[in-house]
Amino acid sequence: MEETKRVQTLVQQGVSEVPLQYIQPPENRPKPISNATPNIPTIDLSHTKDSVIAAIRDACRKWGAFHVSNHGVPIPLMDQMRKLPLSFFNDFPMEEKLKYACHPKSAASEGYGSRMLLSSEDDTVLDWRDYFDHHTLPLSRRNPLRWPHFPSEYRQVVAKCSDEMKGLAQRLLELISESLGLRPSCIEDAVGDFYQNITVSYYPPCPQPELTLGLQTHSDMGAITLLIQDEVDGLQVLKDGEWVTVHPLPNAIVVLLADQTEIITNGKYRSGVHRAITNASRARLSVATFHDPAKSVKISPASDLLSESSPPCYSSVVYGDYVSSWYSKGPEGKRNLDALRLDT
């Protein structure tokens, strides 16, 4: 597999038509969405615990995605996490950025890249996106020397963001557990120590946005994802067969339930299917913090949710096997999760 050219380079070279490898098949191309469609729910974490738990229960059942406000992550830190990576993408020469290039033949390798999946097939459709992936937790994986040294405070800000997002993820998993009548630590205990990655995605303007996707349709494979958006629309979630644009809210963080949480909750809560669309005029940047199990962890439905009348809906799976399938076969919505479903 050859190294994929960065999408930002294509745009800087002035392409007026999308190269063939970025063109989605007609059934996957984005279509106009009515302005009447709702945004995802917003949950104010400063409200009473009972009301927060009730709102989380409703959002997890119906959406698999929601905004949180008053979440405790410092707003200046969120601003820095948007500003500094944007400077990396926009203000530094490509030869400098390529010093941090991720390995093109290794799944989820750390660094600067464009191609997410490992398939070597020529017909693989590429996303209209560049990214920088940081391995942040556990601390044994965290090596800031692999992160950009410019701007000067970049590494310190990413490390601080990692710590803040871990705390918020733990808090949310406790509330999600309690919303199902489980002990607060149930989901986190099942996941184990977080393997956390922070992925900054940069979506350059696209000359033919109606033909492309910035990020293909998928659900995240881990436990829970926390997303900081800039002010540009692009994220969409699937609700009842219809795409809903997640309009950015100032200072809010998007929460996406991921596949292992769907398994642990035995399907009572669904992971959020989502994608990113592009536009012709404005670049977009987002910062996703993924919280996953270790690859050796076996994930199963929580025993407290099972009974004779409520049997397991999913087979157990070793997380590393799930990851390998996801990266080699591609997500195609939720097909890797659907493969684990049991006939009940």
Side-chain angles (χ1 to χ4, degrees), residues 33-83 161-162 164-180 187 196 198-201 203 214-215 217-220 222-240 242-259 261-262 265 269-277 284-291:
I33 292 178
S34 166
N35 289 331
T37 56
N39 206 343
I40 60 174
T42 299
I43 300 173
D44 187 336
L45 295 184
S46 69
H47 287 176
T48 65
K49 186 173 182 180
D50 285 348
S51 67
V52 168
I53 286 176
I56 283 178
R57 182 184 301 116
D58 192 60
C60 290
R61 283 178 174 164
K62 295 179 180 177
W63 289 85
F66 51 94
H67 281 115
V68 288
S69 61
N70 290 312
H71 41 66
V73 177
I75 303 307
L77 178 64
M78 294 173 60
D79 292 339
Q80 288 288 84
M81 273 306 302
R82 286 182 280 249
K83 174 184 174 183
C161 181
S162 165
E164 291 286 345
M165 289 297 187
K166 176 187 176 183
L168 179 57
Q170 290 172 317
R171 181 182 178 191
L172 288 167
L173 288 181
E174 286 186 359
L175 292 167
I176 292 167
S177 294
E178 289 184 88
S179 74
L180 285 167
I187 297 177
Q196 182 198 67
I198 296 179
T199 301
V200 180
S201 294
Y203 305 93
L215 196 59
T217 300
H218 68 289
S219 55
D220 292 337
I224 191 168
T225 303
L226 305 178
L227 184 75
I228 298 171
Q229 298 201 83
D230 66 7
E231 74 280 4
V232 181
D233 281 350
L235 175 66
Q236 295 183 332
V237 300
L238 192 64
K239 172 74 160 59
D240 300 329
E242 301 289 336
W243 287 105
V244 175
T245 298
V246 180
H247 301 296
L249 296 181
N251 305 330
I253 291 174
V254 178
V255 180
L256 293 163
L257 296 193
D259 291 348
T261 296
E262 178 167 335
T265 66
Y269 293 164
R270 305 300 300 272
S271 55
V273 176
H274 56 286
R275 69 181 184 182
I277 61 171
R284 174 174 173 263
L285 182 136
S286 66
V287 183
T289 306
F290 302 95
H291 298 86

*asked:* List the residues meeting ring-ring contact (aromatic ring centres under 6.0 Å, His included) with H67, not counting sequence neighbours, and say none if there are none.
replied: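 ring-ring contact (aromatic ring centres under 6.0 Å, His included) check on H67 returns nothing, list empty.
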_Checking H274 now: which residues fulfil ring-ring contact (aromatic ring centres under 6.0 Å, His included) with it, not counting sequence neighbours?_
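H274 satisfies ring-ring contact (aromatic ring centres under 6.0 Å, His included) with H218 once adjacent residues are dropped.
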How long is the gap from [atom1] on [X] to [atom2] on [Y], to the nearest 0.5 Å?
{"X": "F290", "Y": "L227", "atom1": "CZ", "atom2": "CG", "value": "8.0 Å"}
{"X": "L257", "Y": "I224", "atom1": "CG", "atom2": "CD1", "value": "6.0 Å"}
{"X": "Q170", "Y": "H291", "atom1": "CD", "atom2": "NE2", "value": "8.0 Å"}
{"X": "N70", "Y": "I43", "atom1": "CG", "atom2": "CD1", "value": "12.5 Å"}
{"X": "S179", "Y": "D50", "atom1": "OG", "atom2": "CG", "value": "12.0 Å"}
{"X": "L180", "Y": "C60", "atom1": "CG", "atom2": "SG", "value": "8.0 Å"}

*Can you tell me which residue pairs pass the side-chain hydrogen bond (donor to acceptor under 3.5 Å, both in side chains) test with a partner in residues 223-232, sequence neighbours excluded?*
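Qualifying pairs: D220-T225, Q229-R284, E231-R282.
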Who are the side chain to side chain contact (heavy atoms under 4.5 Å, CB included) partners of [X], not counting sequence neighbours?
{"X": "T48", "value": "S51"}
{"X": "D58", "value": "K62"}
{"X": "S162", "value": "T136, L137, R142, Q196, I198"}

*asked:* I need the single residue from V254, V73, V68, V255 that forms a side chain to side chain contact (heavy atoms under 4.5 Å, CB included) with L226. Which is it?
replied: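 Exactly one pass, corresponding to V255.
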*For R270, all residues meeting salt bridge (charged side-chain N to carboxylate O under 4.0 Å, His left out), sequence neighbours excluded*: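 Result, salt bridge (charged side-chain N to carboxylate O under 4.0 Å, His left out) vs R270: E262.
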Minimum heavy-atom separation for [X] and [Y], please, with both atom names.
{"X": "W63", "Y": "P38", "value": "CH2-CG, 4.2 Å"}
{"X": "I40", "Y": "V237", "value": "CG2-CG2, 3.6 Å"}
{"X": "D233", "Y": "V246", "value": "OD1-O, 4.4 Å"}
{"X": "E164", "Y": "L77", "value": "CG-CD2, 3.6 Å"}
{"X": "W243", "Y": "Q236", "value": "CZ3-O, 3.6 Å"}
{"X": "I253", "Y": "M165", "value": "CD1-CE, 3.8 Å"}

_Sub-4.5 Å side-chain heavy-atom contact between T265 and I187_ =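 Side-chain contact under 4.5 Å: yes.
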*For residues 65-83, which residue pairs qualify under salt bridge (charged side-chain N to carboxylate O under 4.0 Å, His left out), counting only residues two or more places apart or in two chains?*
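Listed once each, the pairs are D79-R82.
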*Taking only residues at least two apart or on different chains, which pairs with a member in residues 165-180 satisfy salt bridge (charged side-chain N to carboxylate O under 4.0 Å, His left out)?*
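As it turns out, the salt bridge (charged side-chain N to carboxylate O under 4.0 Å, His left out) pairs with a partner in residues 165-180, which skip direct neighbours, are K49-E178.
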*Counting only N and O atoms by type, is there a donor-acceptor contact under 3.5 Å from the side chain of T217 to the main-chain atoms of R275?*
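No.
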*Name all residues meeting the side chain to side chain donor-acceptor pair (under 3.5 Å) criterion together with S219; count only those two or more places apart in sequence or in a different chain, and write none if there are none.*
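Once residues adjacent in sequence are excluded, the partners of S219 under the side chain to side chain donor-acceptor pair (under 3.5 Å) criterion are D259.
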